[in-house]
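Notes follow the structure.
One-based numbering along the sequence shown. Just so we're clear, the structure is a prediction, and the values are computed from it rather than from any experiment.
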Amino acid sequence: MKLREWERRVAAAMRARDPVAALRAIDPSVDGDGVRITALIVARLRFERLLRGSAEAEASFERDPAAFAD
């Protein structure tokens, strides 16, 4: 598998509902704990980037995170 294809598959796995299963479908030897923490970091960074892209969304989240999530 070429590097570009590996990177594409790993990126997709980090966005999957079950990143460990998605990545183990590619490589059964991956460390589940490492994948889980990496996926959480990726989700947090993607969320922060989303908020930074919209001043209105960021302000809404800061005012009431629970209402924003609903």
**OP:** Flag yes if I37 and V35 sit in one hydrophobic cluster, no otherwise; membership is Ile, Leu, Val, Met, Phe, Trp, Tyr, and two members link when side-chain heavy atoms are under 4.5 Å apart.
**Re:** no
Original post:
How would you list all residue pairs meeting ring pair (Phe, Tyr, Trp, His ring centres under 6.0 Å) that involve residues 7-37, not counting sequence neighbours?
Top reply: none
**OP:** If a pair satisfies ring pair (Phe, Tyr, Trp, His ring centres under 6.0 Å) and one of its residues is in residues 1-29, list it, with sequence neighbours excluded.
**Re:** none
Subject >> Sequence neighbours excluded - ring pair (Phe, Tyr, Trp, His ring centres under 6.0 Å) pairs with any residue from residues 24-45 >> reply: none
Subject >> Partners passing salt bridge (charged side-chain N to carboxylate O under 4.0 Å, His left out) against R44 (at least two apart in sequence or in another chain) >> reply: E48
**OP:** With sequence neighbours left out, write down each residue that passes side-chain hydrogen bond (donor to acceptor under 3.5 Å, both in side chains) with E5, or none if nothing qualifies.
**Re:** R8, R9
**OP:** Just grab all the side-chain hydrogen bond (donor to acceptor under 3.5 Å, both in side chains) pairs involving residues 57-70, residues at least two apart or on different chains.
**Re:** R52-E58
**OP:** Applying ring pair (Phe, Tyr, Trp, His ring centres under 6.0 Å), name anything that partners F61, two or more places apart in sequence or on another chain.
**Re:** F47, F68
Original post:
side-chain hydrogen bond (donor to acceptor under 3.5 Å, both in side chains) with D27: which residues, sequence neighbours excluded?
Top reply: S29
Original post:
Other than L50, what residues sit in its cluster of Ile, Leu, Val, Met, Phe, Trp and Tyr side chains whose heavy atoms are under 4.5 Å apart, directly or through others?
Top reply: none
Listed pairs under 3.5 Å, donor-acceptor, residues 10-23 side chains, sequence neighbours left out:
residue	atom	partner	partner atom	Å
R15	NH1	A11	O	3.2
D18	OD1	V20	N	3.3
D18	OD1	A21	N	3.2

Original post:
Does R24 have any side-chain hydrogen bond (donor to acceptor under 3.5 Å, both in side chains) partners at least two apart in sequence or in another chain, and if so, which?
Top reply: none
Subject >> Contacts of R36 that satisfy side-chain hydrogen bond (donor to acceptor under 3.5 Å, both in side chains) - sequence neighbours left out >> reply: D33
